[in-house]
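Everything on this sheet refers to the single structure shown next.
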Amino acid sequence: MSAGIVFHSLAALAYAILAISLWRPLAKGGTEPKTGKVGRICLLGAIVLHGIGLQQAILLSNSLHLGWALALSAAIWLGLIIFWLESLVIRIDGLLLILLPAAAGVAALAALFPIGHIVAHGNNDWLRIHLLIALTAYGLITVAAFQAMLMATLDRYLHRPVEQAADRPLLSQALDSMPPLLVQERLLFRLIWVGFFVLTLTVFSGMIVSLRLSGQILPLDHKTVFTLLSWFTFGGLLIGRYARGWRGRIALRWTLVGFAFLLLAYTGSRFVLDVILQRG
């Protein structure tokens with residue numbers, strides 16, 4: 001068993017324990033979840049375990065190993081780092097009710113499906129820089145997508161009839177503990193602005209790498225097409241936000257469409273090749 005599988009398994013277990021520690025008080029009729037200093041330190045420890053798992057699985061000697069589950073794992077890991085830093089400034093502990101189970105599931109997937117492929121020219125410094133930038137953009141936009149899905153769920157919940165306290169299901173209690181929609185919307189657009197900037201760097205660094213390795217500035221493969229579609233989608237959303245004040249459901253739909261394009265750019269295609277078609 002490789003070190004990457006071991007550390008991913010440990011990270012999944014740590015995330016699951018932290019998730020249970022937050023969900024259990026709600027199941028007993030508690031109120032808003034609070035992580036506190038100890039919880040933040042434990043979360044940081046889980047993130048470190050996750051990072052070691054990624055380093056062991058992806059960064060091989062003079063080469064890079066990537067697969068659909070590892071790419072998704074790297075995105076969630078970077079997203080959790082961003083959340084952890086944001087949580088030092090804004091009280092958003094309620095978001096962990098969604099993020100921690102998702103992180104546990106993705107880390108477990110990376111342990112169960114470590115298959116992937118060796119990236120061509122993996123020892124090229126420019127390619128490594130490009131992949132680091134691309135995974136950072138992927139992580140930012142993945143968290144933005146989770147945020148958008150949570151906001152859409154919360155928006156529907158707030159428009160339902162008020163439930164009696166004794167009759168409320170666990171999910172309703174969890175949604176009640178979430179930060180206000182306006183706070184979440186500010187966080188969402190902060191993620192989108194930074195994610196769009198890093199995605200722009202991804203496009204330009206990809207052009208440089210392609211020009212150096214193949215002599216083409218913009219190869220029209222599926223990764224390039226879907227990445228550009230995602231870039232145009234988020235660019236259109238930010239223009240709409242600035243020019244027309246887009247917010248609410250319009251912003252959520254554009255965010256999820258942009259994320260879907262980015263997901264198809266790598267993870268979706270690798271899942272089809274590695275799992276469905278069983279090609280390396």
Distance, nearest 0.5 Å, that separates [atom1] of [X] from [atom2] of [Y]:
{"X": "Thr202", "Y": "Ile129", "atom1": "OG1", "atom2": "CD1", "answer": "12.5 Å"}
{"X": "Leu49", "Y": "Ser9", "atom1": "CG", "atom2": "OG", "answer": "11.0 Å"}
{"X": "Phe234", "Y": "Trp193", "atom1": "CZ", "atom2": "CH2", "answer": "13.0 Å"}

Do [X] and [Y] land in one hydrophobic cluster if side-chain heavy atoms of ILVMFWY residues count as linked below 4.5 Å?
{"X": "Phe232", "Y": "Ile250", "answer": "yes"}
{"X": "Ile239", "Y": "Leu252", "answer": "no"}
{"X": "Trp77", "Y": "Ile17", "answer": "no"}
{"X": "Leu131", "Y": "Val209", "answer": "yes"}
{"X": "Leu80", "Y": "Leu85", "answer": "yes"}

Grab the two heavy atoms, one from [X] and one from [Y], that are nearest each other, plus how far apart they are.
{"X": "Leu262", "Y": "Ala137", "value": "CD2-O, 4.4 Å"}
{"X": "Leu70", "Y": "Ala57", "value": "CD2-CB, 3.7 Å"}
{"X": "Ile47", "Y": "Trp84", "value": "CD1-CB, 4.2 Å"}
{"X": "Leu109", "Y": "Ala69", "value": "O-CB, 3.9 Å"}
{"X": "Thr142", "Y": "Ala75", "value": "OG1-CB, 3.5 Å"}
{"X": "Trp246", "Y": "Phe189", "value": "O-CZ, 4.0 Å"}

Q: Check each of Leu191, Thr136, Leu187 against Ile82 using the side chain to side chain contact (heavy atoms under 4.5 Å, CB included) test, and report the only one that passes.
A: Leu191

Q) For Arg253, what residues pass the side chain to side chain donor-acceptor pair (under 3.5 Å) criterion, not counting sequence neighbours? A) none

**Q.** Reference residue Gln147; test side-chain hydrogen bond (donor to acceptor under 3.5 Å, both in side chains); the match among Arg190, Glu185, Gln184
**A.** Gln184

[X] side chain near [Y] side chain, heavy-atom distance below 4.5 Å:
{"X": "Phe83", "Y": "Leu99", "value": "yes"}
{"X": "Phe204", "Y": "Ile208", "value": "no"}
{"X": "His8", "Y": "Leu54", "value": "yes"}
{"X": "Leu18", "Y": "Cys42", "value": "yes"}
{"X": "Leu237", "Y": "Ile192", "value": "yes"}
{"X": "Leu228", "Y": "Val203", "value": "yes"}
{"X": "Leu100", "Y": "Leu43", "value": "yes"}

Q | Arg241 CZ: over 12 foreign heavy atoms closer than 6.0 Å | A | yes

Q. Pairs in or reaching into residues 226-238: which pass side chain to side chain donor-acceptor pair (under 3.5 Å), with residues at least two apart or in two chains?
A. Thr200-Trp231

Q) Residues two or more places apart in sequence or in another chain: which of them pass side-chain contact (heavy atoms from CB on, under 4.5 Å) with Val106? A) Leu72, Ser73, Ile76

